[in-house]
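First comes the structure, then the notes that go with it.
Remember, predicted model here, so these are calculated numbers, not experimental data. Counting starts at 1 for both ligands and their atoms, following the listed order.
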Amino acid sequence: MDYETPLFYRVMEYARAADRDVIDLVSGSPDWDPPEAFRDGLREYADTDQSAFDYGPSPGLHRLRQQIADHHGVSIERVVVTNGTGEANHLAMATGLERFPGNEVVLTDPVYPYYAGRTNLLDAESRFVPVDADDRLDPETLRAAVSATTSVIVVNTPNNPTGGVYDGSAMGKFVDIARTNDALLVSDEVYNRFDYSGRFSSALAADSTGSGPNVVVTSAFSKSMAITGARVGYGLFPTGDTENAGGSVEGAAGNPPDESFVDRVRSRHMLMNVTGSRPVQYAVSRAIEETPASYYERNRQRMADRIDRFCNALDALGAQYHRPDGAFYVLADLPGIGGSLEDAFGLIDEAGVAAMPGEAFGQARADHLRFSLLTPRYEAAVERIADALDRR
Ligand SMILES: Cc1ncc(COP(=O)(O)O)c(C=O)c1O
């Protein structure tokens, strides 16, 4: 599987070229408004004086980093503001591969394809651990797959594409597996505001040492504030305590052994970007301060309702799937429709519905399609699919 050219683009290109109206159930961008305070923050920034358009601090605006630190209950030193969750994941994986022994990244199957593409880009080996029958990653299956060659383990909760949410007990086991194998656990929690089960637990909460030498949490405001184009994310990286973190490979890539994990991340981030965009960080910071809890709850409820309705419609079609506990997607096996790229093209031609082929996410659900519910037209999409199946 070539993870370096995401199939996302191929499906969207095919949909754009189609000679008919196509309902987009592919995109991962929320279709609702960002917080009003985010727009206000951008407007306000546009009128500030010249110096506000100079470089900002490389690890991010201090006020924003402090807000993120307070939200997660960690020290500000752990926070680096990044160009979305994507950059935070990259920094975590690249630095983890350098600091922890081995050259293998353990990923789930199905997988968010960018982790796999990034593993290739970093010249590391991927090992895929299939989720179990109910679309969850079983900690004991993960434990059996992790070995001395494992450097980094990546988990994602709530999960894209399965919708799985890991509870505190599972997260605690993931952290323990990383620690006992001298590996880094990267937990991508970008959908943390979209938990419909009440079971979501951050890897930070599961990390009993508190100092987190084996844990990185990544996230962003992309989904929670409906601003995927703003590119404001962050990582919470290990500081100071390098006793366990990479001690065994000290100096492996020529970096000073006394440079902490987060310092190394900061250098990488600076060499790659200098710093992130200052105006959008300002607007996000203002939005964090002023946005009421009801904004997040309204959008969480919106997605919970869409998922319910969509799943009920899938039941009527006789589809096989697991009801997602989180995130925006439903991964389903539709009767008579496979999960290849050709099947996704066929669905566009026959039904005017664009979905992601399951094979884009690996082998384990290669006969499924992933439906993103970020459009009010998701019910019309199921009707179109039902009509197309009837016409066959
Ligand atoms: C699991 C996961 N991680 C990261 C991202 C990218 O997030 P960002 O836009 O904050 O870089 C996505 C986007 O869909 C995602 O699904």
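- Ring centroids of F194 and Y191 are separated by 6.0 Å or more, keeping the two rings apart.
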Any protein N/O atoms within less than 3.5 Å of an N/O atom in ligand 1? List the atom names and distances, or say none.
unit_1   : atom_1 : unit_2 : atom_2 : d
ligand 1 : 3 (N)  : D188   : OD2    : 2.6
ligand 1 : 7 (O)  : T85    : OG1    : 3.4
ligand 1 : 9 (O)  : S222   : OG     : 3.3
ligand 1 : 9 (O)  : R231   : NH1    : 2.8
ligand 1 : 10 (O) : T85    : N      : 2.9
ligand 1 : 10 (O) : T85    : OG1    : 2.8
ligand 1 : 10 (O) : S222   : OG     : 2.6
ligand 1 : 11 (O) : T85    : N      : 3.1
ligand 1 : 11 (O) : G86    : N      : 2.9
ligand 1 : 11 (O) : R231   : NH2    : 2.7
ligand 1 : 14 (O) : Y191   : OH     : 3.3
ligand 1 : 14 (O) : K223   : NZ     : 2.8
ligand 1 : 16 (O) : N160   : ND2    : 2.8
ligand 1 : 16 (O) : Y191   : OH     : 2.7

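- The ring pair (Phe, Tyr, Trp, His ring centres under 6.0 Å) check on Y378 picks up nothing, with sequence neighbours excluded.
- Among residues two or more places apart in sequence or in another chain, the ring pair (Phe, Tyr, Trp, His ring centres under 6.0 Å) test is passed with Y295 by none.
- Taking the six-membered ring for Trp and thresholds of 30 and 60 degrees, F371 and F310 have ring planes inclined between 30 and 60 degrees apart.
- Put simply, the side chain of R306 gets close to the backbone of L373: a donor and an acceptor are under 3.5 Å apart.
- Every residue meeting the ring pair (Phe, Tyr, Trp, His ring centres under 6.0 Å) condition with H72, not counting sequence neighbours, appears here in chain and number order: Y234.
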